[in-house]
Peer 1: 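Quick one: structure below, then a few questions.
Worth knowing before you read on, the calculation uses all heavy atoms, side chains too, and leaves out hydrogens, waters and symmetry mates.
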Amino acid sequence: DYDKFKKIIFVSEEGKQSFIKVFPQMKEKTMVCNNLIDAKKIIKMSEEKVPEEDLKIIKKNNDCKITTFINVGRHEERQKKLSRLIDAASLLKKDNLNFQILFIGDGPQTEGYKKQVQEKQLENNILFLGRKQNPYPYFKISDCVVLTSDYEGYPVVFLESYILNKPIITTKVSDYKEVENKYGYVTEKNTKDIYEKMKLFIVNGFEIKEKFDYKQYNKEILEKIEKLF
């Protein structure tokens with residue numbers, strides 16, 4: 001029944017290409033159109049204060065300069081693969097590097113992840129802060145966003161990082177190429193490469209040279225939508 005549609009729209013290039021592999025005859029009817037983003041709202045929300053009880057937990061590690069990474073999302077191993085991040089943290093600790101990772105979110109694997117963190121004695125490096133209605137102030141106090149997933153649609157966390165001007169370390173999920181060399185570091189889907197890129201960030205940082213133009217981003221999407229109608 002796909003041939004009855006005028007256009008078939010995907011929110012990511014990867015989604016589109018996966019569809020074309022199965023239905024190559026539909027290629028001419030496919031297009032990518034990302035979701036619009038309310039950047040002003042994200043920026044405004046990021047200006048709220050992190051609650052005092054969370055700051056106390058985070059500041060325990062802040063006696064000297066520390067690199068703060070943040071991971072935001074559902075704690076679900078099949079897709080998010082946070083065990084890679086925990087294992088990478090273990091390697092960074094062995095190198096005596098000064099870092100912490102804020103885990104914002106929860107899910108079916110939260111307790112399992114907490115157990116892994118205890119077993120590897122990473123309680124001072126990985127901080128479980130739970131699910132937050134407004135995660136953006138936590139982005140603001142962090143140095144770098146980390147995504148270790150096996151797969152994503154178009155990752156909204158990319159846009160959130162761009163808008164809040166935070167470098168990102170990401171596995172090769174959908175649309176990762178727009179991150180590469182421009183907004184952060186791209187890694188293979190394994191612990192070793194995630195560890196190496198995190199270490200590179202701790203040692204060298206990453207300078208975002210070109211600020212994300214969210215107005216232009218939304219304008220291009222609106223133009224696509226107008227063409228459709």
Peer 1: What class does the angle between the rings of F10 and F19 fall in, given that below 30° is parallel, 30 to 60° is tilted and above 60° is perpendicular?
Peer 2: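 F10 vs F19 ring planes: tilted.
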
Peer 1: Which atoms form the tightest heavy-atom contact between T148 and T171, and what is the distance?
Peer 2: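 For T148 versus T171, the nearest heavy atoms are C-OG1, 3.5 Å.
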
Peer 1: Applying a strict under-4.5 Å side-chain criterion to I, L, V, M, F, W and Y, I'd like to know whether V72 and V156 cluster together.
Peer 2: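 No.
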
Peer 1: Using a strict cut-off of less than 4.0 Å between a Lys/Arg side-chain nitrogen and an Asp/Glu carboxylate oxygen, indicate whether D150 and R84 qualify as a salt bridge.
Peer 2: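 Salt bridge present between D150 and R84.
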
Peer 1: More than 12 heavy atoms of other residues, nucleotides or ligands under 6.0 Å from NZ of K192: yes or no?
Peer 2: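 Atom NZ in K192 is not packed in, count stays at 12 or less.
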
Peer 1: Taking side chain to side chain contact (heavy atoms under 4.5 Å, CB included) as the criterion, tell me which of N125, N98, I126 meets it with K93.
Peer 2: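 The passing option is N125.
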
Peer 1: Once side-chain hydrogen bond (donor to acceptor under 3.5 Å, both in side chains) is applied, what residue pairs with a partner in residues 153-170 remain, sequence neighbours excluded?
Peer 2: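 For residues 153-170: Y136-E160, Y154-E178, Y162-E178.
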
Peer 1: Could you go step by step and tell me if D54 and Y138 meet the side-chain hydrogen bond (donor to acceptor under 3.5 Å, both in side chains) rule?
Peer 2: CA-CA 10 Å; D54 283 352; Y138 297 86; 2.4 Å; yes

Peer 1: May I ask you to say whether K219 pairs ionically with E223, meaning some side-chain N is under 4.0 Å from a carboxylate O?
Peer 2: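 Salt bridge flag = yes for E223 with K219.
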
Peer 1: Taking only residues at least two apart or on different chains, which pairs with a member in residues 10-24 satisfy side-chain hydrogen bond (donor to acceptor under 3.5 Å, both in side chains)?
Peer 2: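 As it turns out, the side-chain hydrogen bond (donor to acceptor under 3.5 Å, both in side chains) pairs with a partner in residues 10-24, which skip direct neighbours, are S12-S174, E13-Q17.
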
Peer 1: Where the side chain of T68 meets the backbone of D143, is there a donor-acceptor pair that is under 3.5 Å apart?
Peer 2: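 Between the backbone of D143 and the side chain of T68 there is no qualifying donor-acceptor contact (under 3.5 Å).
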
Peer 1: Around atom CD of Q25, are there more than 12 heavy atoms from other residues, nucleotides or ligands closer than 6.0 Å?
Peer 2: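 Yes, enclosed.
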
Peer 1: Evaluate the side chain to side chain contact (heavy atoms under 4.5 Å, CB included) criterion for residues H75 and F103: first the C-alpha distance (whole Å), next the side-chain angles of each, then the deciding distance (0.1 Å), finally the verdict.
Peer 2: CA-CA 9 Å; H75 293 177; F103 273 20; 4.2 Å; yes

Peer 1: Measure the shortest side-chain to side-chain distance between V11 and V32 over non-hydrogen atoms and say whether it is less than 4.5 angstrom.
Peer 2: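 V11 does not reach V32 side chain to side chain.
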
Peer 1: Which value, rounded to the nearest 0.5 Å, describes the distance between L85 atom CG and I101 atom CD1?
Peer 2: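 Here the interatomic distance stands at 4.0 Å.
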
Peer 1: Is it the case that one hydrophobic cluster holds both F5 and I20, taking links as side-chain heavy atoms less than 4.5 Å apart, direct or via other members?
Peer 2: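 Result: no, two separate clusters.
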
Peer 1: Taking the six-membered ring of F128 as reference, does the NZ or CZ atom of K114 fall below 6.0 Å from its centre and within a 45° cone about the axis?
Peer 2: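 Relative to the ring axis of F128, which defines the angle, K114 lies inside both limits.
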
Peer 1: Under the criterion side chain to side chain contact (heavy atoms under 4.5 Å, CB included), I'd like the reasoning laid out for N71 against L82: C-alpha separation, chi angles, the key distance, then a yes or no.
Peer 2: CA-CA 9 Å; N71 175 275; L82 290 180; 3.5 Å; yes

Peer 1: Side-chain contact test, heavy atoms from C-beta onward, threshold under 4.5 Å: evaluate it for I168 versus C144 and give yes or no.
Peer 2: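 No - every pair of side-chain heavy atoms lies 4.5 Å or more apart.
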
Peer 1: Does Y151 offer a backbone N or O that forms a donor-acceptor pair with the side chain of Q79 under 3.5 Å?
Peer 2: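 Yes; at least one donor-acceptor contact below 3.5 Å.
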
Peer 1: Do any pairs count as a side-chain hydrogen bond (donor to acceptor under 3.5 Å, both in side chains) and have a residue in residues 31-53, sequence neighbours left out, and if so which ones?
Peer 2: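 Listed by first then second residue: E48-N134.
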
Peer 1: Work out which heavy atom in I8 is nearest to a heavy atom in M26; give both atom names and the distance.
Peer 2: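 Scanning both residues completely, I find the closest heavy atoms to be CD1-CE, 3.8 Å.
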
Peer 1: Identify the two heavy atoms, one from A39 and one from I163, that lie closest to each other, and give their separation to 0.1 Å.
Peer 2: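 In terms of heavy atoms, the two residues are closest at CB-CD1, 3.8 Å.
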
Peer 1: Is the shortest heavy-atom distance from the side chain of V146 to the side chain of I70 under 4.5 Å?
Peer 2: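 They are not in side-chain contact.
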
Peer 1: Could you tell me whether K172 and E152 have a side-chain N and a carboxylate O separated by less than 4.0 Å?
Peer 2: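 Salt bridge: no.
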
Peer 1: Any chance you could measure T187, atom OG1, to L147, atom CG, to the nearest 0.5 Å?
Peer 2: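 Here the rounded value is 9.0 Å.
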
Peer 1: Is the shortest distance from a Lys or Arg side-chain nitrogen in K120 or D87 to a carboxylate oxygen in the other one below 4.0 Å?
Peer 2: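 Salt bridge between K120 and D87, a charged N being under 4.0 Å from a carboxylate O: yes.
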
Peer 1: To the closest 0.5 Å, what do you measure between CD (Q116) and CD (Q118)?
Peer 2: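 CD of Q118 is found 11.0 Å from CD of Q116.
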
Peer 1: Please report the closest heavy-atom contact between I169 and K197, naming both atoms and the distance.
Peer 2: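 Heavy-atom minimum between the residues: CD1-O, 3.7 Å.
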
Peer 1: Can you tell if the side chain of L102 reaches within under 4.5 Å of the side chain of F69, non-hydrogen atoms only?
Peer 2: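 Not in contact.
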
Peer 1: Can you tell me how far apart CG (D95) and CE (M198) are? Round to the nearest 0.5 Å.
Peer 2: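 Separation between the atoms: 11.5 Å.
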
Peer 1: In the structure I gave you, are the side-chain heavy atoms of Q109 and E76 within less than 4.5 Å of one another anywhere?
Peer 2: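 Counting from C-beta outward, Q109 and E76 do come under 4.5 Å.
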
Peer 1: Just how far is it from atom CZ of F212 to atom OH of Y183, taken to the nearest 0.5 Å?
Peer 2: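 One gets 6.0 Å once the value is rounded to the nearest 0.5 Å.
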
Peer 1: What's the shortest heavy-atom distance between P108 and R74, and which atoms?
Peer 2: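 Scanning both residues, the minimum pair turns out to be CD-NH2, 3.5 Å.
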
Peer 1: Work out which heavy atom in I58 is nearest to a heavy atom in I141; give both atom names and the distance.
Peer 2: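 Nearest pair, atom of I58 first, then I141: CD1-CD1, 3.7 Å.
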
Peer 1: Taking atom CD as the centre, does E28 end up with more than 12 heavy-atom neighbours from other residues, nucleotides or ligands that are less than 6.0 angstrom away?
Peer 2: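 At most 12 heavy atoms, drawn from other residues, nucleotides or ligands, come within 6.0 Å of this atom.
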
Peer 1: Apply the test side chain to side chain contact (heavy atoms under 4.5 Å, CB included) to residues C33 and I221: give CA-CA distance (whole Å), side-chain angles for both, the deciding distance (0.1 Å), then the verdict.
Peer 2: CA-CA 6 Å; C33 186; I221 291 169; 3.7 Å; yes

Peer 1: Please test K224 against M31 for side chain to side chain contact (heavy atoms under 4.5 Å, CB included), starting from the C-alpha separation and ending with a verdict.
Peer 2: CA-CA 9 Å; K224 282 184 182 180; M31 66 176 283; 4.0 Å; yes

Peer 1: Which distance, rounded to the nearest 0.5 Å, do you find between the CG of D193 and the CD of E188?
Peer 2: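 It comes to 5.5 Å.
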
